[in-house]
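In what follows, chains are A, B, ... by sequence order, proteins preceding strands, each numbered from 1.
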Amino acid sequence: MLQITGVSRRFGDVTALADVSLEIRQGEFFALLGPSGCGKTTLLRILAGFESPDAGTVTLDGADLLGQAAHRRPVNLMFQSYALFPHMTVAKNVAYGLEREKLPKAEIRDRVGEVLEKVGLSAMAGRRPQQLSGGQRQRVALARAIVKRPRLLLLDEPLSALDKKVRAEMQLELKRLQHEVGITFVVVTHDQEEAMSLADRIAVFNAGRVEQVDEPVALYERPRTPFTAGFVGASNLFAGRACSAGLAADGLGVLPGASDLPDGTPALLAVRPERLRLGVGPGGASGGGPGGAGALRGEVADVSFYGGVSHVSVVVPGRAEPVLVATQGATQVRAGTRVVLSWAPGDGVLVPQ
Amino acid sequence: MTRSTVSGATAAPRSRRSRAPGRLAFLGPGLAYLIVLLLVPLALLLSYTVFRRGRFGGVVYEVTGENFTRLLDPLYLGVIASSLKLATIATVIALLVGYPTAYLIAQLPRKWKTVALVAIVLPFWTNFLVRIYAWIVLLSGPGLVNSTLEGLGLGPFEFLYNQGTIVTGLVYSYLPLMVLPLYAAIERLDPQLREASANLGARPARTFVSVTLPLTLPGVVTGCLFVFVPSFGNFIIPELLGGGRSIMVGNLVRDQFLKARDWPFGSTLALALLAVLVVLLLLQAWSARRA
Amino acid sequence: MRRSRLLYVPFYATYLFLYAPIAVLVVMSFNSGDSPYSFEGLSLKWYGELAGNAGIRDGLVNTLVVAAGSTVLSTVLGTLLAVGLARHSRSKVLDAIGVLPAVLPDLVLAIGLLVFYASVKMTLGLHSVLLAHTVFGMAFVAAVVRTRLTHCDTSLEEASRDLGANAVTTFFRITLPQLAPGITAGALLAFTLSVDEFVIAFFTAAPTEPTLPIVIYSMVRFGVTPEINALATLLLAVSFTVVIVAQRMTRLTESLS
Ligand SMILES: Nc1ncnc2c1ncn2[C@@H]1O[C@H](COP(=O)(O)OP(=O)(O)O)[C@@H](O)[C@H]1O
Ligand SMILES: [Mg+2]
């Protein structure tokens with residue numbers, strides 16, 4: 001439905017977008033994920049028509065989008081700062097876009113009422129944006145954008161201004177709304193958990209480039225670049241060279257992993273903290289620990305418990321950073337306990353470097 | 001109990017004693033000056049409105065209402081009306097020219113913004129009379145505009161000494177006072193609001209009417225007041241560019257004091273002028289509170 | 001967003017409108033001919049004439065005397081008033097009196113003072129103009145100093161009082177040094193306004209001692225002479241230099257602070 005091909009944009013010597021190509025499908029909830037400053041907003045502004053690319057094409061349903069003036073595009077943007085009109089009431093803000101379509105007054109009234117109902121703001125219709133909480137403003141901005149029934153809805157970090165609890169509620173609400181209205185959503189975020197929980201597919205951005213486009217689970221379990229492996233989920237990364245059993249890690253010996261890389265390729269091995277098994281090691285036992293070959297030995301440096309999960313950081317000799325382990329429920333290990341870490345070969349993902 | 005009462009009793013007078021001389025030392029001289037040289041003169045003007053004129057200026061302390069009945073004479077009402085008209089036209093023109101200028105300055109890159117703003121203010125810091133004189137040189141019979149037109153086989157025209165010249169002079173003199181508050185208001189406006197409007201399907205003209213203009217209205221009102229107030233009470237521009245006839249209230253006031261020597265009526269006219277401005281300011285404050 | 005080309009028309013027209021008359025004056029000031037309208041050749045003749053014009057020289061001296069005197073008086077009174085209003089009063093009425101001279105139409109203030117001087121039988125002269133200019137000069141100094149005061153840290157003053165200094169000592173040792181840039185700016189403003197002021201001076205000056213704007217006014221009124229072009233060019237040069245230097249200095253202090 002939306003086809004972005006080879007889009008580039010530079011600001012002076014900053015490259016905001018470098019040869020970005022993406023395809024977004026009808027009815028999809030698509031997330032652009034990346035750290036701050038990687039060009040996500042710039043891409044949305046190009047789609048909305050406030051910025052033009054130096055190179056590349058964008059088509060919507062096969063028709064060129066870039067040649068159209070901003071106010072003619074069937075694309076609505078929910079701004080990061082919401083950009084609600086401060087001199088208009090909530091109802092006027094929401095009606096603004098419909099009035100531009102010259103719809104009959106009665107129809108505008110009905111559709112505004114309907115959408116305010118949907119986002120739970122019927123009682124606030126007469127208020128000004130300044131009289132609303134952050135979460136309410138966010139919902140007005142959303143209502144103002146979806147009431148137009150655009151082909152494509154762009155949301156720029158829609159939830160970043162909200163506190164943690166409201167954010168979780170809003171994520172659910174966004175998902176629900178997307179199901180109900182059936183519009184294609186493109187949401188920008190720098191929060192990988194948010195992208196994971198919302199999106200059908202995610203494009204990971206880094207410094208203006210697309211690193212990987214995949215479904216959340218695939219992205220999480222099969223990162224294809226070191227950046228994705230590091231950015232999506234807190235991974236333990238080991239550097240070394242690919243070998244038949246996995247990775248020959250620098251200074252740590254052979255670590256288990258599933259590899260289809262040629263032997264000797266410089267690579268990273270990514271292991272998710274929750275995939276690691278923690279065994280209280282009987283000091284001297286060498287070789288095959290509880291999990292089989294290639295286990296790591298170390299000493300617990302720190303234990304913290306929250307959200308029903310224990311986070312254990314383990315100092316492993318020969319490695320500068322501690323290895324992170326997440327286990328369900330409370331754990332008996334304490335700082336200073338000597339432990340053995342292991343994992344199934346299928347849980348170690350090799351990423352070429 | 002006893003001790004705390006004692007210490008409280010000694011502390012209070014000390015602090016009061018140290019504040020009172022402070023207040024007097026700081027506020028005393030300036031306020032005394034303003035009472036003598038501002039409030040007393042204004043009170044004198046006010047009292048003059050009910051007295052009769054002296055034979056050679058000054059005043060005879062005999063209460064009369066004739067100054068007010070004279071104010072209602074169509075001749076004087078006409079002058080007030082024409083001052084209102086000229087000041088309003090000048091204000092509207094300044095707004096029409098000033099708004100696009102301020103709008104474009106606000107869009108310039110930061111470095112050019114400062115240059116463009118300084119260039120707007122610079123003429124304002126040059127002597128007022130000199131700037132008016134420049135227009136006389138430009139527009140007078142043998143002046144530059146006419147000689148240029150003659151070169152094209154047109155004219156000569158009588159540009160000076162009419163209401164159009166007065167308006168030109170007023171706009172020229174006070175345009176910077178229009179541009180600055182407009183610029184401040186436009187600059188404060190979040191550019192994303194305009195983008196949001198376009199995104200919702202509004203054409204540029206609609207965005208201007210529905211978003212930009214309403215949100216910069218305080219700047220528009222301030223700018224209009226800044227131009228209107230000095231224009232309405234002006235007497236130099238109508239005198240130098242308008243040919244010296246009494247066209248605006250300022251000229252009338254001046255003539256009552258320096259030619260006719262009717263100080264009571266001059267005071268009445270001046271206070272009428274002031275009253276019009278005060279009414280305008282109150283209207284503005286009222287509309288600002290409503291918005 | 002794309003901007004309409006049409007917007008540039010009033011934009012450039014504004015600058016042309018503001019500068020064309022000034023440019024004409026400057027060019028004509030170097031005219032060798034006697035006509036103020038047609039340019040015949042380059043010369044500094046009118047600057048020479050200007051230097052020999054006693055009326056203008058006396059007017060300039062009078063203006064500088066008035067401006068210097070009223071600046072000193074305005075600065076002292078305005079600074080005290082600003083501190084008094086900001087730190088020792090919460091009265092809205094006093095605040096209003098403090099800004100009144102700055103917003104009152106100059107013509108009203110001028111005739112008010114004329115009437116006042118007449119009723120106390122004061123002879124007019126440079127002193128009467130000086131006193132009159134101080135009325136609005138003080139208001140502008142007070143306004144500038146007050147904005148500076150609101151940016152000042154009151155806890156410093158409170159600390160001084162807490163350590164046993166009285167209000168006057170605190171003012172001289174703590175408040176005044178902090179206010180120095182504001183006071184300087186206010187004084188410069190008062191001086192510039194006084195040098196340029198015409199209406200109030202016109203009503204309160206003695207005919208024998210006119211200030212420079214009054215001299216210019218009578219020259220302009222009684223005909224156009226190229227000497228005014230030369231004078232105007234010099235005044236423009238001075239104003240432009242002052243404004244540009246001030247601009248540079250504020251940017252310098254901004255970048256330092
Ligand atoms: N109008 C602009 N002028 C100059 N640089 C810009 C502009 N817009 C964005 N940039 C730069 O482009 C890069 C990408 O910005 P942006 O798209 O806003 O990132 P994100 O939304 O991912 O945080 C940043 O380095 C930013 O500074
Ligand atoms: Mg962004």
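Contacts of C:A232 with chain B are made by both backbone and side-chain atoms, with heavy-atom separations under 4.5 Å. Proximity to chain C involves both the backbone and the side chain of B:L31, based on heavy atoms less than 4.5 angstrom apart. Using a 4.5 Å cut-off between heavy atoms, C:V115 touches chain B through backbone and side chain atoms alike. For B:V253, the part lying near chain C is the side chain, with the backbone staying farther off; criterion is any non-hydrogen pair under 4.5 Å. Neither the backbone nor the side chain of B:V121 comes within contact range of chain C, judged by heavy atoms closer than 4.5 Å. Neither the backbone nor the side chain of B:A43 comes within less than 4.5 Å of any heavy atom in chain C. Proximity to chain C (any heavy atom under 4.5 Å) is restricted, for B:L258, to the side chain, taken from C-beta onward. The part of B:L175 that comes within reach of chain C is its side chain, from C-beta onward, which places non-hydrogen atoms under 4.5 angstrom from that chain. For B:L281, no part lies near chain C; criterion is any non-hydrogen pair under 4.5 Å. Within the 4.5 angstrom heavy-atom criterion, no atom of B:P230 approaches chain C. Heavy-atom distances place both the backbone and the side chain of C:Y217 under 4.5 Å from chain B. For a residue to count as touching a neighbouring chain, one of its non-hydrogen atoms must lie under 4.5 Å from one of that chain's; by this rule B:L37 touches chain C with backbone and side chain alike.
Comparing B:A102, B:G28, B:A116, B:P204 by heavy-atom pairs within less than 4.5 Å of chain C, the highest count is held by B:A116. Comparing B:P176, B:S267, B:P100 by how many heavy-atom pairs each has under 4.5 Å with chain C, the most go to B:P100. Interface check for chain C: of the options B:V130, B:T101, B:V171, the most heavy-atom pairs under 4.5 Å are formed by B:T101. In terms of heavy-atom pairs under 4.5 Å with chain B, the best-connected choice from C:L235, C:L25, C:V9 is C:L25. Counting heavy-atom pairs under 4.5 Å between each of C:L109, C:L231, C:T134 and chain B puts C:T134 at the top. Contact tally against chain C (heavy-atom pairs below 4.5 Å) for B:V97, B:V40, B:L273, B:I120: the top residue is B:I120. With chain B as partner, the option from C:G112, C:A13, C:A139 having the largest number of non-hydrogen pairs under 4.5 angstrom is C:G112.
The shortest side-chain heavy-atom distance between C:I228 and B:V137 does not fall under the 4.5 Å cut-off. Counting heavy atoms from C-beta outward, C:P105 and B:L277 have side chains that approach closer than 4.5 Å. Put simply, the side chain of B:N234 does not reach to within 4.5 Å of the side chain of C:L107, judged on heavy atoms. Considering only heavy atoms from C-beta on, B:L44 comes within 4.5 Å of C:S119 through its side chain. With contacts defined as side-chain heavy-atom distances shorter than 4.5 Å, the pair B:I236/C:F202 does not qualify. Within the 4.5 Å cutoff, side-chain heavy atoms of C:L104 are placed close to those of B:L42. The shortest side-chain heavy-atom distance between C:F203 and B:R254 falls under the 4.5 Å cut-off. The side-chain heavy atoms of B:Y133 and C:I216, taken from C-beta on, include no pair separated by under 4.5 Å.
Counting all heavy atoms, side chain and backbone alike, C:I22 lies closest to B:P123 at CD1-CB, 4.0 Å. Nearest approach of C:G84 to B:L27, heavy atoms of both residues: C-CD2, 3.4 Å. Shown here for C:I111 and B:A270, the closest heavy-atom pair between the two residues is CD1-CB, 3.2 Å. Across B:F128 and C:D196, no two heavy atoms sit closer than the pair N-OD2, 4.1 Å. Looking at every heavy atom in both residues, B:Y172 comes nearest to C:L18 through OH-O, 2.7 Å. Nearest heavy atom pair, residue C:I97 against residue B:L34, reads O-CD1, 3.8 Å.
Qualifying ring pair (Phe, Tyr, Trp, His ring centres under 6.0 Å) partners for B:Y99, counting only residues two or more places apart in sequence or in other chains: B:F208.
Note on residues 102-118 of chain C: no pairs pass salt bridge (Lys or Arg N to Asp or Glu O under 4.0 Å), not counting sequence neighbours.
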What do the steps show when you test C:L131 against B:Y33 for side-chain contact (heavy atoms from CB on, under 4.5 Å), and what is the final call? CA-CA 9 Å; C:L131 291 177; B:Y33 196 96; 3.5 Å; yes
side-chain contact (heavy atoms from CB on, under 4.5 Å) assessment of B:F26 paired with C:L81: CA-CA 6 Å; B:F26 290 118; C:L81 188 64; over 6 Å; no
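With rounding to the nearest 0.5 Å, the separation of CD in B:Q107 from CZ in C:F11 is 10.5 Å. If you take CG on B:L129 and CZ on C:R221, they are separated by 12.0 Å, rounding to the nearest 0.5 Å.
Around the CZ atom of B:R203, the shell of radius 6.0 Å holds no more than 12 heavy atoms that belong to other residues, nucleotides or ligands. Few gaps surround OH on C:Y15; more than 12 heavy atoms of other groups in view lie less than 6.0 Å from it.
Classified by interplanar angle (parallel below 30°, tilted 30° to 60°, perpendicular above 60°), the ring pair C:F198/B:F235 is tilted.
Aromatic rings from B:W135 and C:F17 are positioned such that their centres are separated by under 6.0 Å.
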